[in-house]
Student: 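Can you read through this structure? Questions will come right after.
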Amino acid sequence: MNVPDKPSLDGLEARWGEWWEAAGTYRFDRTKTRGEIFAIDTPPPTASGSLHVGHVMSYTHTDLMARYKRMRGLEVFYPMGWDDNGLPTERRVQNYFGVRCDPSLPSDPDFDASTLERPDDKQPVAIARGNFIELCERLTTEDEKAYESLFRLLGLSVDWAQTYTTIGEVSRRASQRAFLRLLDRGLAYNAEAPTMWDVDFRSAVAQAEIEDREQDGHYHRIVFDRDGGEGPIEIETSRPELLPACVALVVHPDDPRAASLVGTTALTPLFRVPVPVVAHELADPDKGTGVAMICTFGDVTDVTWWRELGLPARVVIRRDGTLAPGRFGEPGWESRDAEAANTAMAELSGKGAKQARRRIVELLVESGALLGEPEAIRHAVKFYEKGDRPLEVISSRQWFIKTLEFKERLLARGREMRWHPVFMGARYTSWVEGLNQDWALSRQRYFGVPFPVWYALDAEGEPDYTAPIVPSEAALPIDPQEDVPPDYTAAQRGVPGGFMGDPDVMDTWATSSLTPQIAARWEDDPDLFTRLFPMDLRPQAHEIIRTWLFYTVLKAELEHGSLPFTDAAISGFVLDPDRKKMSKSKGNVVVPTEVFERHSADAVRYWAGSARLGVDAAFDEQQMKVGRRLAIKILNASKFVLAMDATGGGVTEPVDLAMLATLRGVVLEATAAFEDYEHAKALDVVERFFWGFTDDYLELVKQRTYGARGPEAAASAIGALRQALDIVLRLFAPVLPYVTEEVWSWWREGSVHRSAWPATDELVSSDGADPEVYEIAAAVLGAVRKEKALAKVSLKVPVLRVIARDTAERLAKLRLADADLRAAGSIEAVVYEEAADASIDVELAPAEPV
RNA sequence: GGGCGCGUAGCUCAGCGGGAGAGCGCUCGCCUCACACGCGAGAGGUCGCUGGUUCGAACCCAGCCGCGCCCACCA
């Protein structure tokens, strides 16, 4: 027994953090079988940036579950990954080192960034992809160290021997292997197809990375002449600059005008291009004039129309977002006045969409084709979530993964998964139901996992995309820019009759969607994999249900025919005190390290643990102060409990048994709450008991522990106190790992975090005890305190007598606590009066003359 | 436009069919031998609004209002 005189929270994080590491308290034991393991698919935080209190909350939520399951006897697999793959890292490396990636360069094996020659400060140095990746890894290593130390401070019970990075070799191999297998099964395909395209990043983006933003715009009413005579046709468009890309007009088949319009031909204004009028269900009779122009391509509806109606393509937007020069008069670019069309096009060429729009409106006004004033509107426009300009639909060659045909299976997997909270499952369902394109997998970027394929070049040097050359799985990971395909030589790269490597990298989600497989060392360590996969828990934020969660389900379904994990726990956002989401741009982020210093890690965890899953939580330092107080209270109450020597007698006093019976209910409730992923409820139940334990129970039995009623009665109290403390420490351990470990170390062996979660059979001695004894006695004690507070006297002032009126049954219970009550409240006598209405009268002794 | 969640004391939230609660904040008091980094007490609320079901509604149902998020084919 080693109880300090002045227990303190100071230094607990450092002391126990080191101890846990040295003792291997959270080390994963891989000899356990799947049924004995609880496997967590930890979210890998983005390694470029900084952790904020949102991370603190959600990672704490995961840790609560990890610690609970560990105490339940499960071997917890709790790894940590670092997401260093992707655009944020790429950008930071470019700025930090002044380099840019040129995938056409071969890697320099002697590359050294410190001797990097920068002939011109303004011009970044071009380096090979392999060297670029080295730099990315080097820079992110620094971030990862900082993150790890913060996560350790927070007390995450991660096994730090189980780490991975999403750009590391294991991740690249897994990503490429998964891709090759999908390719082999025909589930991955490449195609020249219209795809959502960010003109600034010059890369394709997937549906999941697109967000709608409300934008100001205008409806322009434009009149098309008819090719042949009948009256003109009016349409409305918010994108008049796409007029040269117009390939048809469309009406709904049920529109009364359809009969006279469909099958006829109209002429585009300015460009005089004959376009057919066609019918399609997607044309909305109530929108605009009911007639829409189909352009290649203004939006995804255009793509649908173009594809289903077999229309030609006349693309005018280039990959950088500017308009191309006119080609009217060439094949496929028919015009009744090609010269005028090209003149008009020349006015637009080289301009971005916005400028081109402004100019074409002027041209349309001059030509009289624009009717009236453009009508100002607000409408939703699609953006890449990280982009600044609206997306364009641009045709390019991309890799896709078949997704649409698996919708039903993916929906079924969503129903099969357990969602915490349940309503978050609806997010997944609505996303899957709304899918309208296969997963566009390729990105025209550099830092990422390359596609492990090459293409044979024909005699003209043109690649054959239909038959990609693939490496063996054993060779993975490969970089097709560095490595040479089987049966070729390096000298054949890029020459007719030779080969070329696929220049693109995969969407970062292609890797992130394999985090369970990566952490479990899929195929690299089959023994480990069978012990871990499918995992138990995926904790994550709700904003990435459609990306991380969805893609992970998709990959597991396609590769393994199973869920990747059985449970998903979704955390909410952290809001600042003004109820706004914390974000760097709003300047309202709180630096976590300072918060730990002010309140202690346990206190911060208390705040996080008080927030339920799926519910946005306010950042609330007051709540952390409460947590700190609770932690200190645990120290002091423990000190009191452990100060008295245990004499070894049994727990016999009714009040003691009643308290333990109450605790039994608490154990049941807290356990049920954790099983339901309701950690906040578990904490609430335990905390409520604990405050009553210190405020009421400790006061009731304090005098007795000092021996006021003899050694046997004292032993009963001391025994009950110790048993309660033993259980309460374990109940608090998931939320408050530091303070509970500290107290545990005073009198127990090993770590509280490897001790067993409390079970009711530990409290068998209180079987049949009536918790009401404790409850009623506490109520009387409360009444006494109230009387003294109202009289503004010290709690030491004696009470002449307390008259308790209640039913005979309850009075009998109160009598069982008579002696403790009189000692605790300095009460000379308790009078028991049977009455229909319960009430308590307290008569204080007259004040001492001063 | 569709969906989900939320609206309870000044603040943060629990309660989800039969007494309107907790903590913080505020006010008042107390150095009571575990704790002044403490202890005790008090004040404070037509439970968003309107209807309905029920003997009884903060809780169930319907409609509305407000806030947040998710989804949706930008004419």
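A note on names: the letters A, B, ... follow the listed sequences, proteins ahead of strands, and every chain is numbered from 1. Hydrogens, waters and symmetry mates are skipped; everything else that's a heavy atom, side chains included, is used.
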Student: Taking atom P of B/C70 as reference, at what distance in whole Å does atom CD1 of A/I544 sit?
Tutor: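 After rounding, the reported distance stands at 12 Å.
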Student: For A/G290, which contact category applies under a 4.0 Å heavy-atom criterion: base, sugar-phosphate, or nothing?
Tutor: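 Result for A/G290 = nothing.
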Student: Indicate whether OP1 or OP2 belonging to B/C33 is found under 4.0 Å from a side-chain N or O atom of A/K796.
Tutor: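 No, outside the criterion.
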Student: Is it true that A/R709 and A/D820 make a salt bridge, defined as a side-chain N closer than 4.0 Å to a carboxylate O?
Tutor: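 Yes.
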Student: Between A/R785 and A/D696, does any side-chain N to carboxylate O distance fall below 4.0 Å?
Tutor: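 A salt bridge links A/R785 with A/D696.
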Student: Calculate the interatomic distance between A/I570 atom CD1 and B/C6 atom P; express it in whole Å.
Tutor: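 A/I570 atom CD1 is separated from B/C6 atom P by 16 Å.
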Student: Just checking A/D299: base, sugar-phosphate only, or nothing, at a heavy-atom cut-off of under 4.0 Å?
Tutor: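 Since a base atom lies under 4.0 Å of A/D299, the category is base.
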Student: Expressed in whole Å, how much space separates the P atoms belonging to B/C47 and B/G7?
Tutor: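 B/C47 and B/G7 have their P atoms separated by 14 Å.
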Student: Would you mind telling me which of B/C30, B/C4, B/C24 lies closest to the side-chain atoms of A/A426?
Tutor: B/C4
Student: Does A/E699 reach a base, just sugar-phosphate, or nothing at all? Heavy atoms under 4.0 Å.
Tutor: base
Student: Regarding A/D284, tell me which of base, sugar-phosphate or nothing describes its non-hydrogen contacts under 4.0 Å with the strands shown.
Tutor: base
Student: If we take the P atom in both B/C55 and B/A72, what is their distance in whole Å?
Tutor: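 Each nucleotide's P atom is 47 Å from the other's.
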Student: State whether a side-chain donor-acceptor pair under 3.5 Å links A/S571 with A/H61.
Tutor: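 A donor-acceptor contact under 3.5 Å links the two side chains.
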Student: Round to a whole Å and report the spacing from CH2 of A/W607 to P of B/U12.
Tutor: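 To the nearest whole Å, that distance equals 14 Å.
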Student: Can you tell me which nucleotide in B/C28, B/G3, B/C71 comes closest to the side chain of A/R427?
Tutor: B/G3
Student: Scan A/A791 against the nucleic acid and name what it touches under 4.0 Å (heavy atoms): base, sugar-phosphate only, or nothing.
Tutor: nothing
Student: How long is the line joining CG of A/L642 and P of B/C35, in whole Å?
Tutor: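 About 14 Å, once rounded to whole Å.
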Student: Rounded to whole angstrom, note down the P distance from B/G21 over to B/C70.
Tutor: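 Nearest-Å result for B/G21 against B/C70 at atom P: 38 Å.
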Student: With sugar-phosphate meaning primed atoms plus P, OP1 and OP2, does A/R239 contact a base, only sugar-phosphate, or nothing at under 4.0 Å between heavy atoms?
Tutor: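 Contact class for A/R239: none.
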Student: Quick one: are the ring centres of A/Y428 and A/W419 less than 6.0 Å apart?
Tutor: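 So the answer is yes for these two rings.
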Student: Checking side chain to side chain donor-acceptor pair (under 3.5 Å) between A/H599 and each of A/K625, A/Q623, A/E621, which is the one that passes?
Tutor: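 Among A/K625, A/Q623, A/E621, the one that satisfies the side chain to side chain donor-acceptor pair (under 3.5 Å) with A/H599 is A/E621.
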Student: In which stems does RNA chain B show up, taking only runs of three or more Watson-Crick or G-U wobble pairs whose two distances fall under 3.5 Å?
Tutor: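 The stems are B:1-7 with B:65-71, B:10-13 with B:21-24, B:26-30 with B:38-42, B:48-52 with B:60-64.
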Student: Could you work out the separation of B/C16 and B/C26 based on their C1' atoms and round it to a whole Å?
Tutor: 30 Å
Student: Just the rounded figure in Å: distance from C1' of B/C69 to CD of A/E543.
Tutor: 11 Å
Student: For the residue pair A/Y606 / A/E687, report whether a side-chain donor-acceptor contact shorter than 3.5 Å exists.
Tutor: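 Distance-only check passes for A/E687 and A/Y606.
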Student: Of all the choices, B/C30, B/G68, B/C71, which nucleotide is nearest to the side chain of A/D616 once you look at every atom?
Tutor: B/G68
Student: To check you understand the geometry: which heavy-atom pair defines the closest contact between A/H679 and A/G609, and what is its length?
Tutor: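 Nearest pair, atom of A/H679 first, then A/G609: CD2-O, 3.2 Å.
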Student: At under 4.0 Å between heavy atoms, how does the protein contact nucleotides 37-43 of chain B? Give one character per nucleotide, 5' to 3', with B, S or -.
Tutor: BSSSSS-
Student: What nucleotide among B/C73, B/A36, B/C74 has an atom nearest to a side-chain atom of A/S238?
Tutor: B/C74
Student: Between A/K354, A/R358, A/H220, A/R357, which is the residue that forms a side chain to side chain donor-acceptor pair (under 3.5 Å) with A/E241?
Tutor: A/R357
Student: Considering only the P atoms, how many Å lie between B/U27 and B/C67, rounded to the nearest integer?
Tutor: 34 Å
Student: Answer with yes or no whether the side chains of A/E308 and A/H280 bring together a donor and an acceptor at under 3.5 Å.
Tutor: yes
Student: What contact category does A/V381 fall into here, base, sugar-phosphate, or nothing, at under 4.0 angstrom with non-hydrogen atoms?
Tutor: base
Student: With a 6.0 Å cut-off on the ring centroids, do A/W607 and A/F619 count as close?
Tutor: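 Distance test on ring centres: under 6.0 Å, yes.
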Student: Taking all atoms of both residues into account, what is the closest heavy-atom pair of A/L64 and A/F674, and its distance?
Tutor: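 Nearest pair, atom of A/L64 first, then A/F674: O-CE2, 4.1 Å.
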Student: Students often get this wrong, so: under 4.0 angstrom with heavy atoms, is A/A643 touching a base, only sugar-phosphate, or nothing?
Tutor: nothing
Student: Please report, rounded to the nearest Å, how far the P atom of B/C74 is from the CZ atom of A/F297.
Tutor: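 The answer, rounded to whole Å, is 18 Å.
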Student: Please determine whether a side-chain nitrogen or oxygen atom of A/Q622 lies at a distance below 4.0 Å from atom OP1 or OP2 of B/C26.
Tutor: no
Student: What is the distance, to the nearest angstrom, from the NE2 atom on A/H218 to the P atom on B/C74?
Tutor: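 Whole-Å distance recorded here is 19 Å.
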Student: Separation of A/D620 atom CG from B/G23 atom C1', in whole Å?
Tutor: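 From A/D620 CG to B/G23 C1': 10 Å.
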Student: Which value, in whole Å, describes the distance between the P atoms of nucleotides B/G2 and B/C73?
Tutor: 15 Å
